[in-house]
Q: 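Sharing a structure, written as structure tokens. Questions coming.
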Amino acid sequence: MHSFGFRANAIVTFALTILAVICAMTSLSDNLNVPSPTADIKVLNINWFQKQPNGNEEVSLTLNISVDLQSMFTWNTKQVFVFVAAEYETPQNALNQVSLWDGIIPSKEDARFWIHTTNKYRFIDQGSNLRSKDFNLTLHWHVMPKTGKMSADKIVMTGYRLPDEYR
Ligand SMILES: *[C@@H]1O[C@H](CO)[C@@H](O)[C@H](O)[C@H]1NC(C)=O
Ligand SMILES: *[C@@H]1O[C@H](CO)[C@@H](O)[C@H](O)[C@H]1NC(C)=O
């Protein structure tokens, strides 16, 4: 003899079990999706390159950031956070990472684009390390899923170099 309360409880438990199974399958099928993101970043111009009175160096760049992250989007993708960083070595640090630009991609339709922009965040070195400096531009992304774990990855682009002189 089952009471109404017991039955309702059993139905809720059953529903939650189904939901858990769906969530697990979602994450699983998401992990099976092998994305093939692409990125290309061109430095179109060095707008200026200066030593500040406090001794720090700062450079202003114009970039053409061209990205295709459409393959990151599955039905389990809520949004993707992206940022572009300049990465370089100095005698003090093996890795200096300066964020230059970022954005949030809300949907697959928005995940393929190019943007012509100056650096949104300041590119400053606390020292005099930037003249003739070879650096990488790296596109980092964080995928925020509807269920399951957040994941992150990057594309590294090499072969960039800052000028020998301030301008
Ligand atoms: C930026 O790059 C894209 C893709 O390579 C290209 O179609 C576009 O013309 C470029 N824009 C500028 C301003 O260079
Ligand atoms: C730039 O990228 C290359 C290739 O991935 C890597 O070997 C090098 O260490 C990177 N440089 C910096 C400063 O991260």
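Hydrogens, waters and symmetry mates are skipped; everything else that's a heavy atom, side chains included, is used. Indexing begins at 1, ligand by ligand and atom by atom, following the structure's order. Just so it is clear, the model here is predicted, and its values are computed rather than measured.
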Q: How far is atom 7 (O) of ligand 1 from the closest protein heavy atom, and which atom is that?
A: Trp114 NE1, 3.8 Å

Q: What protein heavy atom sits nearest atom 12 (C) of ligand 2, and how far off is it?
A: Asn136 ND2, 3.4 Å

Q: With a cut-off of 4.0 Å, which atoms of ligand 2 are near a heavy atom of Thr158?
A: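 Within the 4.0 Å cut-off of Thr158, ligand 2 contributes 1 (C), 2 (O), 3 (C), 4 (C).
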
Q: At what distance, to the nearest 0.5 angstrom, does CG of Leu162 lie from CZ of Phe123?
A: 5.5 Å

Q: Which ligand 2 atoms does Tyr88 reach within 4.0 Å, using its non-hydrogen atoms?
A: 13 (C)

Q: Give a yes or no on this: more than 12 heavy atoms of other residues, nucleotides or ligands lie within 6.0 Å of atom NZ of Lys120.
A: yes

Q: Which residue supplies the protein heavy atom nearest to atom 9 (O) of ligand 2, what is that atom called, and how far is it?
A: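 Going atom by atom, the protein heavy atom closest to atom 9 (O) of ligand 2 ends up being Glu89 OE2, 4.2 Å.
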
Q: When you check the side-chain N and O atoms of Gln52 and Glu57, is any donor under 3.5 Å from an acceptor?
A: no

Q: Protein heavy atoms near atom 2 (O) of ligand 2, is at least one of them under 4.0 angstrom away?
A: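 Under 4.0 Å from atom 2 (O) of ligand 2, at least one protein heavy atom found.
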
Q: What protein heavy atom sits nearest atom 4 (C) of ligand 1, and how far away is it?
A: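 Nearest protein contact, heavy atoms only, for atom 4 (C) of ligand 1 is Ser66 OG, 3.9 Å.
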
Q: Would you check the N or O atoms of Asn64, main chain and side chain alike, for any that come under 3.5 Å of an N or O of ligand 1?
A: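 There is such a contact, yes.
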
Q: Can a side-chain donor-acceptor contact be found between Lys146 and Thr77 if the only test is distance below 3.5 angstrom?
A: no

Q: Got a second to check how far Ile41's CD1 is from Met157's CE, nearest 0.5 Å?
A: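 That separation rounds to 4.0 Å.
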
Q: Which residue and atom name correspond to the protein heavy atom nearest atom 5 (O) of ligand 2, and how close is it?
A: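 So the nearest neighbour among protein heavy atoms is Val156 CG1, 4.0 Å.
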
Q: Between the side chains of Arg161 and Asp134, is the shortest nitrogen-to-carboxylate-oxygen separation below 4.0 Å, so that they form an ion pair?
A: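 Answer for the salt bridge query: yes.
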
Q: Given Asn47, which partner from the list Thr62, Thr118, Asn119 fulfils the side-chain hydrogen bond (donor to acceptor under 3.5 Å, both in side chains) test?
A: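 It is Thr62; the other options fail the test.
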
